[in-house]
Every structure is written in structure tokens, then in C-alpha cells.
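In what follows, a single structure is set out as C-alpha cells and then discussed.
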Amino acid sequence: MLQFLEQYTLLVQYTLIFASVLMLVALGGCFSEHSGVINLGLEGIMVIGALGGALMMFFLQDKVSGFPMVVLTLLAAILSGVAYSALLGVACINFKADQTIIGTALNLLGAAAATVIVKAVNSKQFGKPDDSLAYRVGRSSFTSSFTIGNTNFEFNWFMVIAVVMLIIAIIVLYKTKFGLRLMACGEHPQAAASVGVSVYKMRWAGVLISGAYGGLGGICYIMAGGGTWHFSYGVAGFGFLSLAVMIFGQWKPYRIALAALLFGFFRALSNVNGSISLLSQLNLPPTIYNMLPYIVSLIVLAFTSKKSRAPKAEGIPYDKGMR
Amino acid sequence: MKIFKNKAVQALLSSLICIVLGVLIGYIVLLIINPEGAGKAIITLLKNFFYYPTSAMRREYFGSTLVKTAPLLMCSLSVLFAYKTGLFNIGAAGQYCIGVCACLFTALYFSWPWYLCLLCAVVAGALFGFIVGVLKSYCNVNEVISGIMLNWIALYITNAVLSLVKEPTSPYTYKLQGAMGKAALLPTLGPINKFFNGNKYITIAVPIAIIIAIAVWVILEKTRFGYELKATGFNRNAAKYAGMADKRNAILTLVIAGALAGLGASFYYQSGIQQWECTATSVPGMGFNGIAATFLGGLNPIGTIFSSFFLQHITDGGTHIDTMKYSAQISELISSVIIYLCGFVLFIKHTMNKVSINKEAKRLKKEASKPAEEKAKGGEA
């Protein structure tokens with residue numbers, strides 16, 4: 001019986017971790033799209049955010065410990081995400097570039113830049129160009145300061161952060177003047193402009209907030225893995241899964257949270273399917289579990305995209321002259 | 001300044017601006033990583049096969065770049081074809097990947113001849129394109145997101161299926177040159193291979209890829225079908241109102257786009273130049289580089305021939321740089337910066353138009369004021 005329980009606590013634990021990542025990034029996408037900018041570059045933003053956090057951890061691992069380290073790492077991840085998302089802002093808001101092209105470019109650039117930077121750091125530090133950043137020391141202190149409770153169930157602080165960020169998102173979007181104005185810019189920017197809202201500023205805010213959420217999601221994602229992270233792997237399509245979560249959540253934060261739990265569960269299955277006796281008895285090849293989150297998202301999207309609640313003006317560059 | 005008004009000149013100039021800025025940014029990154037040797041590294045990257053000392057070796061490696069350009073060109077045509085209909089086929093990477101799966105499996109498991117394997121790759125790619133098309137047309141699923149999901153699905157399927165034909169001691173599939181896969185090797189070009197120092201990977205794929213690029217141009221510019229596709233791309237509702245079957249066209253476009261990407265996979269893997277690694281953790285970059293080639297080529301099938309070659313040229317060049325100091329991914333970085341800059345092409349063209357219009361206006365003003373001055377002069381006299 002105890003063994004039975006243990007199997008499922010692992011599943012729950014992974015589900016919660018992956019759901020936190022997906023929710024954070026999907027909320028980021030939610031802010032950006034409500035302001036009217038489609039952020040397809042979330043995958044790249046996650047990678048750069050993770051890189052910023054990992055580098056901070058890597059360079060501070062002997063100098064700072066415990067709580068300040070955690071705060072600094074998170075800040076580094078958020079700031080790198082924000083800085084990187086500014087590339088999207090400049091191109092899509094000020095220069096009216098195609099948002100799909102720019103988003104794709106950011107994804108490719110994120111993976112390439114992270115690999116180049118990590119290899120450079122590694123060859124400087126160890127004289128060996130390796131694409132993984134070993135932050136073992138950092139991670140162990142990080143996990144210990146990041147986990148609550150005892151051995152069996154690793155309750156991760158990231159889950160708390162995710163919930164806090166969810167509450168912030170709900171309050172900001174629905175209860176503040178700023179959030180309502182932001183959403184107006186995604187629905188009808190000309191109408192918003194006519195009552196004195198600066199559409200450019202609001203869209204910038206949306207994009208930068210999505211960068212912050214994306215960066216946070218990125219560091220959260222790599223912390224869920226082992227002690228080292230190969231940056232050439234990127235974040236395995238999590239940025240795009242988050243977009244699927246966002247669409248399934250109909251661009252509403254609380255529904256995004258529920259959607260993230262569902263997707264997180266399927267993603268967790270691919271990690272723990274071997275250790276769950278019920279599933280290993282089915283004798284399915286592990287490939288099926290790897291594909292499951294992507295297949296599920298396709299099916300879910302097929303059924304939910306028809307009556308889409310997408311912001312009406314998303315993807316259309318704002319032109320002052322157009323009324 | 002009339003020359004700036006010419007659309008072709010504008011496209012060429014803006015692509016050149018993107019390339020120069022992209023390479024410059026790459027150079028700056030190299031400088032930051034390690035100032036000494038950055039100049040040498042960027043020159044190595046741009047020289048690619050000229051890196052080799054003898055003419056014969058240069059020709060051989062020039063040939064290898066051509067072999068890899070063929071699949072890249074196919075992927076970029078795949079992206080281009082869909083883009084003309086207003087669809088962003090980021091799924092080209094997955095369509096390419098599933099094409100690899102189909103052609104290598106039929107080659108190594110059934111020992112089928114090359115044309116059947118090639119056909120299987122085309123069909124597999126088309127099928128994946130079809131899924132995206134149906135989801136887009138009938139379920140309103142964004143093609144970018146479904147494309148990405150299918151990329152991952154394709155990767156896992158390919159890894160699983162090709163594990164059946166993998167070498168027992170390594171993660172790689174059997175060599176195509178072995179007894180099982182021999183029949184699947186694409187025919188080589190005979191005397192032309194001699195010119196490339198006997199590079200045996202140069203196959204009919206290279207000339208066929210160029211012919212297909214021209215065919216795509218003809219379809220898009222000279223046929224009714226191409227016109228309908230472009231009309232749908234410009235304004236979907238207007239095309240629908242004019243009686244064009246927008247849903248059918250969207251699906252057909254993605255099927256053709258998928259077929260092109262699948263064909264690219266066959267062109268590359270059936271030359272026998274590379275084996276598939278069954279532990280791959282991401283889809284081959286070919287499809288994503290295809291996006292770069294499409295936009296760098298100014299969204300013109302003929303332009304993509306040159307842009308594909310250029311991007312493959314720097315990608316291969318990247319493998320020659322000193323890997324102890326820099327990583328080969330610098331060329332990926334440059335090509336992604338180029339895609340980013342391609343987003344600004346509209347702005348660049350707009351600026352060029354503005355400049356030429358301003359100049360034109362000034363000239364006209366001058367001309368208009370000249371006779372008046374002359375009149376004034378005449379009056380004085």
C-alpha cells in the first residue's frame with residue numbers, strides 16, 4: 001500500500017511542477033495577447049530566462065547561499081526574460097513587423113544564443129566547450145531552500161510562486177485600471193486610443209510582462225530537471241505547450257490554471273510511467289507517453305479553437321492612422 | 001534614384017542588408033566571447049569550402065554544401081508555398097522529419113528501390129501537412145501551434161520506428177551503402193561527380209531541387225491555382241467571396257508544402273551522406289533554416305535557391321571554426337538574427353520608397369521653379 005502511494009505522490013509532484021511551468025508561461029502569453037501582440041517567442045524567452053537564472057546560480061554558487069541566492073536567481077531569470085522580450089516589442093510594436101516571423105526568430109535565436117554563451121562560459125571556466133552548465137552546488141542549495149516538508153513529497157517553492165503569480169495576474173487584469181486598459185488595446189486599440197490610452201505603451205507593457213512570466217517559467221522548468229542542463233535541448237516545446245494551455249484556457253487566468261494542471265499531468269506521465277505499476281502493466285512503448293502531451297494538445301485544440309475567445313485585435317500591428 | 005523603386009532591387013537590397021547586419025552581429029558576438037581570433041573565425045565561416053588548401057578538396061566540399069543545399073531548398077520552398085496562401089508552415093521541420101522516417105525505414109527494412117522510398121517520404125510529409133491543413137480549415141487551430149505539436153510527434157515516431165533498423169552498438173541507423181539499403185541510394189550524376197573530386201553524395205537531387213524551385217515559381221506566377229492561392233493569402237474573405245474554395249485551397253497548400261519538405265528529407269538521407277541518430281532530442285534544423293531561407297530569398301522561389309545556398313554555406317563554414325574557442329552554433333545564431341531582421345524588411349522597403357519619393361518630389365520642385373526663375377531673369381533683361 002505504501003509503495004502504491006509513493007508511486008502516485010511522484011506523479012502528483014511532477015504534475016504540479018510541470019503545471020506550474022506551463023501556467024507561468026501561459027499567463028505570460030495571456031498578458032501579451034490581451035494587449036494585442038501574439039507572443040510566439042515564449043519558447044525562446046524561456047530559454048533565455050533559464051540561461052540568466054542558471055548563469056547567476058553558476059557564478060554565485062560559492063559566494064551566496066540560501067535565500068538571497070534564490071531571490072537573485074529569480075530576479076536574473078525575470079530580467080533576462082524581460083530584456084529578451086524587448087526584441088519582440090521593438091520589432092512588432094514600433095516597426096510593425098510580422099509577429100509570427102519575429103516570434104519564430106526569437107525561438108531559434110534563444111536556443112542558438114544560449115548554446116553559444118554556455119559553451120563560451122564553459123571554455124573560459126574549464127577550458128572545455130560543453131553545452132551543459134553544471135550548477136550542481138547551486139542546485140542542491142537551491143532545492144533545499146526551495147523545498148518544504150520531508151523526504152517523500154518534494155513540495156517545491158515554485159508551486160507557491162506560480163500560485164502567487166496567478167493571483168497577481170487575475171488582480172492586475174480584472175481589478176486594476178491598467179489591466180482593463182491593456183485588454184482594451186487587444187480588443188479595439190483605436191477605441192482605446194480615442195479615450196486617451198497610449199496603445200504603444202500598453203502593448204509594450206503586455207510584452208514585457210510576458211517576458212517576466214516567461215523567464216520565470218524557464219528557470220522553473222530547468223530546476224525541475226537534474227543538476228545539469230543541456231542548453232542545446234532548449235525547453236522541449238514547453239513554450240508552445242503553454243500557448244496551447246492558454247488557448248484551451250480561453251485567455252482567462254483561472255481557466256489557464258486548470259488547463260495547465262491537465263497538460264502537466266500528461267507531461268508528468270512521460271516521466272513516471274515506468275514506476276507506476278498500473279501503467280507498466282499496459283506495456284505501451286515509452287514513446288507513446290512522450291508524445292502524449294502533444295497529441296492531447298492537438299485534440300484539445302481541435303475541439304476548443306472553433307469558439308475562440310481570442311482578443312480581437314491580436315496579431316494586427318497598431319496603426320494610428322487607421323480608425 | 002529610380003532604381004530604388006524597382007521591386008526586385010528593393011528585395012535584393014533588403015536581403016543584403018539583413019545578411020550584412022546578421023554577419024556583423026555574429027562578429028560582435030565572437031568579439032565578446034574571445035577578441036583574438038574573432039576576425040579569423042568569421043572569415044573561416046564565410047569562406048566555408050575555401051578553407052581547404054587544394055582545389056580538388058575545395059570542389060569536393062563545395063559539392064557537399066550543394067548536397068545539403070538541396071534539402072534546405074525544398075524546406076524553404078515548403079515554407080514559401082504555404083506563406084503565399086497566408087499560412088506559416090513551421091511544421092516543415094516535422095514534415096521533413098517524418099519524411100526521413102518513411103524513406104529510411106522503407107529503404108532499410110524492405111530494401112525498396114530509391115523511387116519508392118522517395119515516394120514514401122513525399123506521402124509521409126504530405127500526410128503531416130494534411131493534418132495541419134484539416135485542423136486549420138475545419139477546427140480553426142492555429143497552424144503554427146499544431147505544426148509545432150506535430151514536429152514533436154514526428155520526432156518521437158521517427159526515433160521509435162528507425163530504432164528497428166538501427167546498428168546494434170550505436171544509436172545510428174544502418175548505413176544506406178550496406179546490403180539492405182543499397183537500392184535506395186539516389187542515382188549519381190556520373191561525369192559531374194568527377195568534377196567534384198568524385199564526391200559520391202552528389203545525386204540527381206541537386207538538379208531536381210533547382211527544377212522544382214522553378215516549377216514552384218511557374219505554379220505561383222503563371223497558373224490559375226497559384227493565383228487563387230495568392231489571392232487567398234492577400235485577403236481570405238475576398239477570395240472566398242470571389243468563389244475560391246478557401247478551405248480546400250488551404251488544405252491543398254499544406255499537403256503540397258508537406259510533400260516538398262518530405263521530398264527534401266529523401267534528397268538528403270537517400271544520398272547516404274548521413275545516418276539518423278535514434279536518440280535525437282530535437283527535430284533536424286533543416287525545416288527551421290528553411291524559414292530563414294524563405295524570407296531571406298525575398299519570398300521568391302528563385303531567390304530561395306541563392307538564399308538556401310548562402311545559409312548552408314555559412315552553416316557548413318561554422319563547422320570549420322576553432323571549436324575550442326567558439327561554438328559551431330554561431331552560424332545558427334547568425335541565421336536566426338537574419339530571420340529576425342527579415343521581419344524589418346517591410347520597414348526597409350517602406351524607407352526606400354520614401355527616400356525615392358522624397359528625391360522625386362525635390363527634383364520636380366526644382367524643375368517647376370526653374371522656368372519661373374528663367375522667366376524672372378528674362379523679365380529683368
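Here the structure is a predicted model, which means the values were calculated and not measured. No hydrogens, no waters, no symmetry mates; every other heavy atom, side chains included, goes into these values. Letters A, B, ... mirror the listed sequences (proteins, then strands); counts begin at 1.
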For the student: nearest non-hydrogen atoms of [X] and [Y], plus distance:
X: Ala302(A); Y: Leu135(B); answer: CB-CD2, 3.7 Å
X: Ala91(A); Y: Phe344(B); answer: CB-CZ, 3.6 Å
X: Met291(A); Y: Tyr156(B); answer: CG-CB, 3.4 Å
X: Ile101(A); Y: Phe88(B); answer: CG1-CE1, 4.3 Å
X: Ala112(A); Y: Ser336(B); answer: CB-OG, 4.4 Å

Per-residue contact mode, [X] against chain A (heavy atom under 4.5 angstrom):
X: Val134(B); value: neither
X: Tyr138(B); value: backbone
X: Phe347(B); value: side chain
X: Ser282(B); value: neither
X: Leu333(B); value: both
X: Ile90(B); value: side chain
X: Val144(B); value: side chain

For the residue pair [X] and [Y], establish whether any side-chain heavy-atom pair is separated by less than 4.5 Å.
X: Ile157(B); Y: Thr287(A); answer: no
X: Leu241(A); Y: Met149(B); answer: yes
X: Leu298(A); Y: Ile153(B); answer: yes

- Would you find more than 12 non-hydrogen atoms of other residues, nucleotides or ligands less than 6.0 Å from Phe130(B) atom CZ?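 No.
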- Could you check which of Leu301(A), Ile295(A), Leu87(A), Leu106(A) has the highest count of heavy-atom pairs closer than 4.5 Å to chain B? Leu87(A)
Kindly compute the distance separating [atom1] ([X]) from [atom2] ([Y]), expressed to the nearest 0.5 Å.
X: Glu143(B); Y: Thr100(A); atom1: CD; atom2: OG1; result: 7.5 Å
X: Thr104(A); Y: Phe288(B); atom1: OG1; atom2: CZ; result: 9.0 Å
X: Asp98(A); Y: Cys342(B); atom1: CG; atom2: SG; result: 11.0 Å
X: Leu109(A); Y: Ile338(B); atom1: CG; atom2: CD1; result: 11.5 Å
X: Leu150(B); Y: Tyr294(A); atom1: CG; atom2: OH; result: 12.0 Å
X: Ser242(A); Y: Ile145(B); atom1: OG; atom2: CD1; result: 10.0 Å

- Closest-packed option against chain A by number of heavy-atom pairs under 4.5 Å, given Ile148(B), Ile339(B), Thr281(B):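 The answer is Ile148(B).
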- Item | Part of Ile288(A) within contact of chain B (heavy atom distance under 4.5 Å) |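 The answer is neither part of Ile288(A).
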